[in-house]
Undergrad: 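First the structure, which I've put down as structure tokens, then a few questions once you've had a look.
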Amino acid sequence: MTKKPRIHIPQPTARPGEAPDFSYLELSPAGAVDRPDTDSRAADIGFLAHELVRVLDDEHAAVGPWAPEIEPEKQVEALELMVLTRAFDDRMLRMQRQGKITFYMQALGEEAVSIGQGMAFEPGDMMFPAYRNQGLYIMRDTGLVDMMCQCLSNTRDMCKGRQMPIFYQNREHNIFSISGNLATQYPHAVGWAMGAQIKGEDHIAASWIGDGSTAEADFHHALTFAAVYNAPVVLNVVNNQWAISTFQGVAGGERQTFAARGLGYGIPGIRVDGNDLLAVYAVTRWAAERARAGNGPTLIELVTYRGGAHSTSDDPSRYRPRDEWQAFPLGDPVERLKMHLIRNGEWSEDRHEALAQESKATVDAAWKEATSYGTLTEPPFLDVELMFEDVFAEMPEHLELQRRKLMRSLGSRS
Amino acid sequence: MTKKPRIHIPQPTARPGEAPDFSYLELSPAGAVDRPDTDSRAADIGFLAHELVRVLDDEHAAVGPWAPEIEPEKQVEALELMVLTRAFDDRMLRMQRQGKITFYMQALGEEAVSIGQGMAFEPGDMMFPAYRNQGLYIMRDTGLVDMMCQCLSNTRDMCKGRQMPIFYQNREHNIFSISGNLATQYPHAVGWAMGAQIKGEDHIAASWIGDGSTAEADFHHALTFAAVYNAPVVLNVVNNQWAISTFQGVAGGERQTFAARGLGYGIPGIRVDGNDLLAVYAVTRWAAERARAGNGPTLIELVTYRGGAHSTSDDPSRYRPRDEWQAFPLGDPVERLKMHLIRNGEWSEDRHEALAQESKATVDAAWKEATSYGTLTEPPFLDVELMFEDVFAEMPEHLELQRRKLMRSLGSRS
Amino acid sequence: MSQMNMIQAIRSAHDIMLERDPSVVALGQDIGYFGGVFRCTEGLQQKYGEHRVLDAPIAEGGIIGTAIGLAVNGLRPVAEIQFADYIYPGFDQVVSELSRLRYRSGGDFFAPVVIRTPCGGGIRGGQTHSQSPEGIFTHVSGVKTVMVSNPYDAKGLLISAIESDDPVVFFEPKRIYNGPFDGDPDKPAVSWAAHPKGEVPDDYYTVPLDKAEIVEAGEDLTIITYGTIVHVAQAAARRAGVDAEIIDVRTLMPLDVETLRDSVCKTGRCLVAHEATRFCGYGAELVATVQKECFWHLEAPISRVTGWDTPYPHAFEWQYFPVQQRLVDGIRKVMEAG
Amino acid sequence: MSQMNMIQAIRSAHDIMLERDPSVVALGQDIGYFGGVFRCTEGLQQKYGEHRVLDAPIAEGGIIGTAIGLAVNGLRPVAEIQFADYIYPGFDQVVSELSRLRYRSGGDFFAPVVIRTPCGGGIRGGQTHSQSPEGIFTHVSGVKTVMVSNPYDAKGLLISAIESDDPVVFFEPKRIYNGPFDGDPDKPAVSWAAHPKGEVPDDYYTVPLDKAEIVEAGEDLTIITYGTIVHVAQAAARRAGVDAEIIDVRTLMPLDVETLRDSVCKTGRCLVAHEATRFCGYGAELVATVQKECFWHLEAPISRVTGWDTPYPHAFEWQYFPVQQRLVDGIRKVMEAG
Ligand SMILES: Cc1ncc(C[n+]2csc(CCOP(=O)(O)OP(=O)(O)O)c2C)c(N)n1
Ligand SMILES: Cc1ncc(C[n+]2csc(CCOP(=O)(O)OP(=O)(O)O)c2C)c(N)n1
Ligand SMILES: [Mg+2]
Ligand SMILES: [Mg+2]
């Protein structure tokens, strides 16, 4: 066309070969952001959606009003859980590379989200995770073997072979089934929370989605219904800067924070350093208290970075600088909590080294056991007839006929 | 259940038999709200989303920074258009009651929205209306006969008998086809505006939805895409306090204004007195300038009141006080502009009375002509074979066969 | 026993289930204080409270999405979508979540949600208040689909749907809310009073979710249909003077193949009729199933009488709708073939 | 002429149309800088600019909704939905707007949007990366539906779709992006190099949007299929040792009834096969149409081989997929009947 196009297309600050540049990230100093009461009105605490709640300062001290009362043992436990999550991811990633499982997604660099937030809820609170929240299952101790069996689609697979790897669930521990369809869990969490209100129960709900997924309709549905019914729910946006190949600006992060989306609905939004476990825990605790006390929903934006590839099908070197993570100003959540504990004399490099070894050993042992229940390629195999179950509560006639037909066809040779 | 439910259910301030109560409406005095430059950043002008832009004061004077430069003739024209819209609605409503048309929806009490906003755009700007924006067609003078023929599904029906009454369109005058599905036009407007940018053209787009419709997914889609691509579009929410039987709180209006939704996306939101034609015009002009200058989208909330029933299928006395409109603090847009013009010596009660008569006569004449082209029940009738056209650009074989089959069946008797 | 129209029967089903089971909740646009644009929940919020019968925001996706969450928390939501034409914004939650949850979670989670929605034309609703989209739901594995044709079934099937642990999409042809319709638009409307299926027990009862009903036994041909067209078919068969066996499918998915098979194998002739558009409509599956089950007994091709493959036009409603005359033509064609 | 796989052929169609027609724009998730998760638009943003090949937010409804707006403003948008399993959030915009606009506006407005999306299984994608939802689009009046089976058709049909003034939903079976698949998962994957349809003209050409193709002429029976299963059917027919006439429907809506009729009236036997679930799947319409058109020539019931009526399971992918053996069984059944 003759005329000059002038549509605005959001651009990341750096592409492969260029120097990483996070100057676009607004950062507040640790301890700088006020901590309002949990019954404050959204309108009065808008600042929380624009500043960045941080607790750990550059000297690794926990400072400011958000510094949580959390015993050293619990902090050490959090560190252990993050390290275990990373060891688990590392092992599963390699297993995928070796063809033992068909697919995998790491939470590398985002471990503080699931561990820190998970610890802020009560066991009876219902979690509606996204696919990068494996840490929630690990934190609630649903069992590494159990998770591995799912990834292996083996005879102990909780999903009975129906889902790709990583789409876990755990009813007993109140963690919902992970969906392959982005953002759909958000209104589920709100509905579950409405249910608790209707039943007059104290449990609350929480859900997670990524920065990119906030563009989906269900994000809007969830915020609208949560606002209208004042649902006791904590809605979390994990802003890891990337959605596969598109940076957070393509989701609308350029001109406004994701936390601020909440303000438009009259829901408090809080922007928190997602790699600062203490800040993550404190902010989530605040939101959980708020919900439990009947003060309604909160939207939390966790600022972090996707340290690894989107998934094992992805190659990030095609669209972002290889060393971008190293340049990320909020660092590595494991490293930061570790240094904090060392500073406080609660931890040491040696113990950390030992922890790394233990975690590796735990994962190795779990893998050994999990594979003993079979893999996609090695027996024992799942019973094929499971394919026809759980479509409905009871198998209708047409599925029973299809089941028989398949078994005949598997029998027939020619 | 044993425990006490504590879910929050939004409640209107008054139900049938109770006294109307609009104390929930935040009103600013006329002239009180600043008018920032059109290139201001959303973050710096958040106040516009919470206060209420008003120009006409209680003495009917136009006051404050938003008082537009708009010649008296144009103001008179606006009054004439509003009166004509009301006369049109009145006639069509009665025609529905008499069974001449199957359905109708009035804009009673909201006339300033379509007329005031319509006047603020250029003819080349593309309008994506909702079903209560008949005033846009009247303002762009697409022809009352044309509109009536649509409502009559007669031989001159622009929709060729395919749509219920009021779902107009007019390509020549750049007004899009009205959809029965709420909010779908919002992303269309954004896409159209993106197209203008891609082509490097200066036209902008505008769209309208109601307060209740903001809960639909397409509201979120439109705001997200408009923010991401900085689309030159003016997005309008007509907050007439009701969505059929549910008041605006059920759409999330209780804890936040609808204008404020925009802020969450980094889009300026402006709340304006929707019954103050001068304020409506001024605010829309501001947003249009902003868009045309490349400063991106604006979300305008027009605070008004649905003076009539939702539609001819509705009976509002079942769910709201009969006299609620009379108690609405922002009054009647026709009356307010009329008094302003009289105060300025541009108008008189006599001229107004004459105008009412003229408008009625114009509408009567139009109706007479329109019905001469047939009605649903009186010839001439639309050709039945039109049913099979325009499903596709060319009629595929299967539709051609179905057409023939129908014609045979209409022939056969037994 | 009382005389009920379909609206009263549906309201009665809600009333009984809200009373019997504290976990039952209803939500939808305008269903609370107002009682629904078709009055199906009139008085129920007043009777059971705002936390049991909720007015919902205008977001079908949000209604179905939160209903799933309510169900996962142990409730039994009955969600009303104001018109079937407006169910599409919630389609993703139906296909990707509601109908897949039990399967994908190995049976650990499930969501017993009922989605009720008025469908069909005949009320001058034009192309966005007249659609019959049942055929796109019956293709989705994991959700049951029902379309009712009378007050008795409406109440009994709705109670079954609410008690079912499977999600159910429940279609209510709005044209027959107030009375049966024989497919002749020139006749004055009749009420349910005269119709046997307008006699409805006041108390709890159920109609099974997997059984078609033979509404008229006959020998000459089988007419397989559901919803409004059941009544049109009965009138058309009388007018055509054939001894037709007329089957009301009622529950479209899962399909009661046996009843269809037995009938068509007996009559050897089959007409399939519905209001929805023809191409890839539910009738296609009925034809495909019957030709497979009864091939050797068929004396004539199975014929379909349906809405045309166009949107539902306002002015040509009665040319689009499969009126009596078109059913008569269809019956003749099947009878004369071979 | 060049050797192209289906990805290259689709990219070439984009490239040619972006070059020829300044009103063509592409939008979708990850399709810009990155070139798409399946690489179908690789290098095109760099070549034509960010305003011609746009990275879009993750909102299928927003992508299709804004694409309609772009089209109404005179552009010809080609929207990619990353996986067919994720098209449902945009379903309302497809059904209520894209496919109805021309009709409801009396022809005043229309939106020539192409929606491209990878479909089908065979890549261990589990239940949310394997679906074949064509059957719910073919039931929607006002939108054309295509599923391609090879590089040559993919390029020619995509160019026709982009040039068409009607909206088109364009399905690309991802299993055969890189090579044909004969339905035997134990064999090593093959490339398109050896396949005649891997020979693709470098320049502009079109394949008509309303013609099925007879990929193999035969006398014993007709196999009607499309997408990946075309290749499975060819291999199965060879293995079953029957002289099958194999028809690739290609454009599912509108359907080329004539080609089907002529073939089945000739062979007297018919097998319908597709990967999608069976109940109310597209195959049901094929069966219903064929039994009507060819009833008096049929020597055996028309049989269907399809995916089962369950979601697409990860572990049992090859038991769900209509593999060669199941096609062979189906062929035998049709040949032995009667
Ligand atoms: C409805 C839907 N659309 C598209 C996809 C494909 N997809 C999977 S993950 C992803 C990116 C999500 O990014 P983000 O929300 O930021 O989460 P992250 O991967 O960064 O944790 C996309 C587009 C999908 N799974 N579901
Ligand atoms: C998708 C969809 N859902 C529901 C409806 C039914 N409906 C028509 S108008 C309406 C109320 C809309 O209220 P609002 O948006 O406030 O607009 P208003 O009528 O007040 O101008 C509803 C629920 C519809 N037309 N489309
Ligand atoms: Mg992300
Ligand atoms: Mg309203």
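Values reported hereafter were calculated over all heavy atoms of this structure, with side chains retained and with hydrogens, waters and symmetry mates removed. Just so it is clear: chains get the letters A, B, ... in the order the sequence lines come, proteins before strands, and each one is counted from 1.
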Undergrad: Salt bridge between B:Arg162 and C:Glu317, side-chain N to carboxylate O under 4.0 Å?
TA: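 C:Glu317 and B:Arg162: not salt-bridged.
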
Undergrad: With a 4.5 angstrom heavy-atom cut-off, is it the side chain or the backbone of C:Gln82 that approaches chain B, or both, or neither?
TA: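 Only the side chain of C:Gln82 comes within 4.5 Å of chain B.
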
Undergrad: So for C:Glu42, is it side chain, backbone, both, or neither that comes closer than 4.5 Å to the heavy atoms of chain B?
TA: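 Looking at C:Glu42, just its side chain touches chain B.
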
Undergrad: With chain C as the partner, which of B:Asp157, B:Ile7, B:Asn181 has the greatest number of non-hydrogen pairs under 4.5 Å?
TA: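 Most heavy-atom pairs under 4.5 Å with chain C: B:Asn181.
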
Undergrad: Between B:Ala215, B:Ser179, B:Ala183, which has the largest tally of heavy atom pairs under 4.5 Å with chain C?
TA: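 When all of B:Ala215, B:Ser179, B:Ala183 are compared, B:Ala215 has the most.
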
Undergrad: For residues B:Ala243 and C:Asp30, report the shortest heavy-atom separation together with the two atoms involved.
TA: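 Taking every non-hydrogen atom into account, O-OD1, 3.5 Å.
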
Undergrad: Hey, does B:Leu376 have a side-chain heavy atom less than 4.5 Å from the side chain of C:His314?
TA: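 Yes, close enough: below the 4.5 Å cut-off.
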
Undergrad: Count the heavy-atom pairs under 4.5 Å between each of B:Gln11, B:Lys405, B:Glu216 and chain C, then report the option with the highest count.
TA: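 Heavy-atom pair counts peak at B:Glu216.
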
Undergrad: So which of C:Gly62, C:Gly61, C:Gly126, C:Ala315 has the biggest tally of heavy-atom pairs under 4.5 Å with chain B?
TA: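 Winner by heavy-atom pair count: C:Ala315.
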
Undergrad: So if I apply the side-chain contact (heavy atoms from CB on, under 4.5 Å) rule between B:Ile9 and each of C:Val53, C:Asp55, C:Leu54, which one comes out positive?
TA: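 Among the candidates, only C:Leu54 passes.
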
Undergrad: Could you grab the distance from atom OG of B:Ser245 to atom CD1 of C:Ile31, nearest 0.5 Å is fine?
TA: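 CD1 of C:Ile31 is found 10.0 Å from OG of B:Ser245.
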
Undergrad: Quiz question: by atom type and distance under 3.5 Å, do the side chains of C:Asp329 and B:Ser409 form a donor-acceptor pair?
TA: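 Yes, because at least one side-chain N or O of C:Asp329 sits under 3.5 Å from a partner of the opposite role on B:Ser409.
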
Undergrad: Which region of B:Leu406, side chain (C-beta onward) or backbone (N, CA, C, O), has a non-hydrogen atom less than 4.5 Å from a non-hydrogen atom of chain C, or is it both or neither?
TA: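 Contact with chain C involves both backbone and side-chain atoms of B:Leu406.
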
Undergrad: Less than 4.5 Å apart, any side-chain heavy atom of B:Val391 and any of C:Pro311?
TA: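 Yes, at least one pair of side-chain atoms sits under 4.5 Å.
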
Undergrad: Go through the atoms of B:Ala217 and report whether side chain, backbone, both or neither lie under 4.5 Å from a heavy atom of chain C.
TA: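 Neither part, no heavy atoms under 4.5 Å.
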
Undergrad: Just checking C:Phe34 against B:Tyr319, ring centres under 6.0 Å apart?
TA: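 Distance test on ring centres: under 6.0 Å, yes.
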
Undergrad: Under the criterion side chain to side chain contact (heavy atoms under 4.5 Å, CB included), I'd like the reasoning laid out for C:Gln319 against B:Glu385: C-alpha separation, chi angles, the key distance, then a yes or no.
TA: CA-CA 10 Å; C:Gln319 289 77 36; B:Glu385 312 197 24; over 6 Å; no

Undergrad: Tell me, side chain or backbone of B:Asp218 under 4.5 Å from chain C's heavy atoms, or both, or neither?
TA: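 Neither part.
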
Undergrad: Can you tell me how far the NE2 atom of B:His8 sits from the NE2 atom of C:His51, to the nearest 0.5 Å?
TA: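 Those atoms lie 15.5 Å apart.
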
Undergrad: Does any backbone or side-chain atom of C:Val37 lie under 4.5 Å from a heavy atom of chain B? Answer side chain, backbone, both or neither.
TA: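 For C:Val37, the contact with chain B is made by the side chain alone.
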
Undergrad: To the nearest 0.5 Å, tell me how far B:Met387 CE sits from C:Trp308 CH2.
TA: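 Between B:Met387 CE and C:Trp308 CH2, I get 7.0 Å after rounding to 0.5 Å.
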
Undergrad: From B:Phe392 CZ over to C:Thr310 OG1, what is the distance, rounded to the nearest 0.5 angstrom?
TA: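 That separation rounds to 10.5 Å.
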
Undergrad: Is B:Phe388 in contact with chain C via its backbone, its side chain, both, or neither, using a 4.5 Å heavy-atom distance?
TA: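 Backbone plus side chain of B:Phe388, per the 4.5 Å heavy-atom cut-off to chain C.
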
Undergrad: Out of B:Ser213, B:Pro165, B:Ser153, which one racks up the most heavy-atom pairs below 4.5 Å with chain C?
TA: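 Ranked by contacts with chain C, first place is B:Ser153.
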
Undergrad: Go through B:Leu399 and C:Asp309 one step at a time and tell me if the side chain to side chain contact (heavy atoms under 4.5 Å, CB included) criterion holds.
TA: CA-CA 7 Å; B:Leu399 286 178; C:Asp309 289 325; 3.8 Å; yes

Undergrad: Do you know the tightest heavy-atom contact between C:Phe316 and B:Lys160?
TA: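 So the minimum-distance heavy-atom pair works out to CE1-O, 3.7 Å.
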
Undergrad: Here's one to test your reading of the geometry: is the NZ or CZ of B:Arg15 within 45 degrees of the ring axis of C:Tyr33 and under 6.0 Å from its centre?
TA: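 Ring-cation test returns yes.
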
Undergrad: Could you tell me which portion of B:Asp211 (side chain, backbone, both or neither) has an atom closer than 4.5 angstrom to a non-hydrogen atom of chain C?
TA: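 For B:Asp211, there is no contact with chain C at all, as no heavy atom is under 4.5 Å.
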
Undergrad: Contact part of C:Ala240 toward chain B, heavy-atom cut-off under 4.5 Å: side chain, backbone, both or neither?
TA: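 Neither part.
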
Undergrad: Below 4.5 Å from any heavy atom of chain B, which atoms of C:Tyr320 appear? Answer side chain, backbone, both or neither.
TA: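 Contact with chain B involves both backbone and side-chain atoms of C:Tyr320.
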
Undergrad: Taking every non-hydrogen pair under 4.5 Å, which of C:His129, C:Arg39, C:Arg278 racks up the most with chain B?
TA: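 The candidate making the most pairs under 4.5 Å is C:Arg39.
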
Undergrad: Is it the side chain or the backbone of B:His398 that comes within 4.5 Å of chain C heavy atoms, both, or neither?
TA: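 The side chain, not the backbone.
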
Undergrad: Looking at side-chain heavy atoms only, is the closest gap between C:Tyr86 and B:Leu182 below 4.5 Å?
TA: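 The answer is no, as the side chains (C-beta and beyond) never meet within the 4.5 Å cut-off.
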
Undergrad: At a heavy-atom separation under 4.5 Å, does B:Pro12 approach chain C through its side chain, its backbone, both, or neither?
TA: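 Contact with chain C: none, neither part.
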
Undergrad: What closest approach, in Å, do B:Met164 and C:Gly125 show between heavy atoms, and which atom pair accounts for it?
TA: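 In this case the closest contact between B:Met164 and C:Gly125 is SD-O, 2.9 Å.
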
